[in-house]
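Values reported hereafter were calculated over all heavy atoms of this structure, with side chains retained and with hydrogens, waters and symmetry mates removed. A, B, ... follow the sequence lines: proteins, then strands. Residue 1 opens every chain.
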There are 2 protein chains.
Amino acid sequence: MENRADLGAMVMRLGRRILAMERPILAAHAISMWGYIVLTALHDRPMRTQAALAAGIGADKTRLIAVLDDLQRRELIEREPDPADRRVRLLRLTEAGRLLQQRIQADIRTAEDQLLGTLQESDRTALLTALAALHTEGPGI
Amino acid sequence: MENRADLGAMVMRLGRRILAMERPILAAHAISMWGYIVLTALHDRPMRTQAALAAGIGADKTRLIAVLDDLQRRELIEREPDPADRRVRLLRLTEAGRLLQQRIQADIRTAEDQLLGTLQESDRTALLTALAALHTEGPGI
DNA sequence: TATTGTTATACTCTATAACTATA
DNA sequence: TATAGTTATAGAGTATAACAATA
């Protein structure tokens, strides 16, 4: 593979292709990309502060506020002051939020599998192994 | 690989990691990301119109103008009206542009190989195969 | 009238700074 | 005084619309 395209160009192009694929799925569930990222982060585990959530998904804390407002209004997350330190907002999914995240993720997984289905089995598993090893730190999208 | 992270998240994170890796290399050569993309596109082959170049790298044509102005001012590209149709600007690299593109690409390749070196040989080649198959159409970055 | 390139404008996304409420 | 969250403001990047030159 001596004469290949730049890695960054290939990866970013693939990323945009996947994001374009996900956009209609998210729209069908009336949720933004950041909204879905937040639901997924909270699905993995609840958070004690909005700043921790922001850091965890690589977003600025000010950027999350409108997202959290919307999710809370739609009763997909709970967001209540910590009785022990009322500056802090405890964040967790509601049952509706948990179900919605699972539904969206299942739809996305279906689309991903369709895309990956164009690859040979061995390339597919190696791609996922390599991505899992390399993606590590960094923002949510 | 049933319980993996979303493919889009992993790919975009990796893409950002690679872009962050490339940024100091581009800065060392005093060239922007879009400038490098244009040099690389023209290195592959000259273009007959700016619109064709823009479409080829997935950029808006208006976005390229400042980039082309800069590259032309630094005599890295030639940009002359087509005698046969003077609305059109013929675009090609100068010798200096060709050399600079090669130097930057070599630096980037070195950094990429370092990153890929953390992978097993079989995963690495499969990753490149999969990326080459999947990235296909789409913007330059 | 249609097309290439250019300029001017508006819009979106994001980060920075200033504010409030708690501690 | 320091910190969590919020609001207001400014900046970068991008796309849209209007324009000039040429066909």
Decide, yes or no, whether a salt bridge links [X] with [Y] under the criterion of side-chain N to carboxylate O below 4.0 Å.
X     : Y     : answer
B/E80 : B/R92 : yes
B/R74 : B/D70 : yes
A/R48 : A/D82 : yes

Spacing of [X] atom [atom1] relative to [N] atom [atom2], expressed in whole Å:
X     : N      : atom1 : atom2 : value
A/R87 : D/dT3  : CZ    : P     : 8 Å
B/I65 : D/dT16 : CD1   : C1'   : 14 Å
B/R48 : C/dG5  : CZ    : C1'   : 13 Å
B/L64 : D/dT14 : CG    : P     : 11 Å
B/L90 : C/dT4  : CG    : P     : 13 Å
B/L53 : C/dG5  : CG    : C1'   : 13 Å
A/Q50 : C/dA21 : CD    : P     : 16 Å
B/L68 : C/dG5  : CG    : P     : 9 Å

Verify side-chain contact (heavy atoms from CB on, under 4.5 Å) between A/L134 and B/I18, making sure each step is shown before the conclusion. CA-CA 10 Å; A/L134 292 177; B/I18 295 171; over 6 Å; no

Can you tell me if the side-chain N/O atoms of [X] get under 4.0 Å from OP1 or OP2 in [N]?
X     : N      : result
A/R79 : D/dT6  : yes
B/R63 : D/dA15 : yes
B/W34 : D/dA12 : no

Return the 5'-most residue of the pair B/K61, A/P83 with respect to DNA chain C, ranking by each residue's nearest nucleotide.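 Whichever sits nearer the 5' end wins; that is B/K61.
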
Which nucleotide wins on minimum distance to the side chain of [X], given the candidates [options]?
X     : options              : value
A/A51 : D/dG5, C/dG5, D/dA23 : D/dG5
A/R89 : D/dG5, C/dT4, C/dT6  : D/dG5
A/R86 : C/dT22, C/dT4, D/dG5 : C/dT22

Derivation and outcome, side-chain contact (heavy atoms from CB on, under 4.5 Å), residues B/I25 and B/T110: CA-CA 11 Å; B/I25 297 172; B/T110 300; over 6 Å; no

Both B/A84 and B/D60 contact DNA chain D. Which one's nearest nucleotide lies toward the 5' end?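 The 5'-side residue here is B/D60.
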
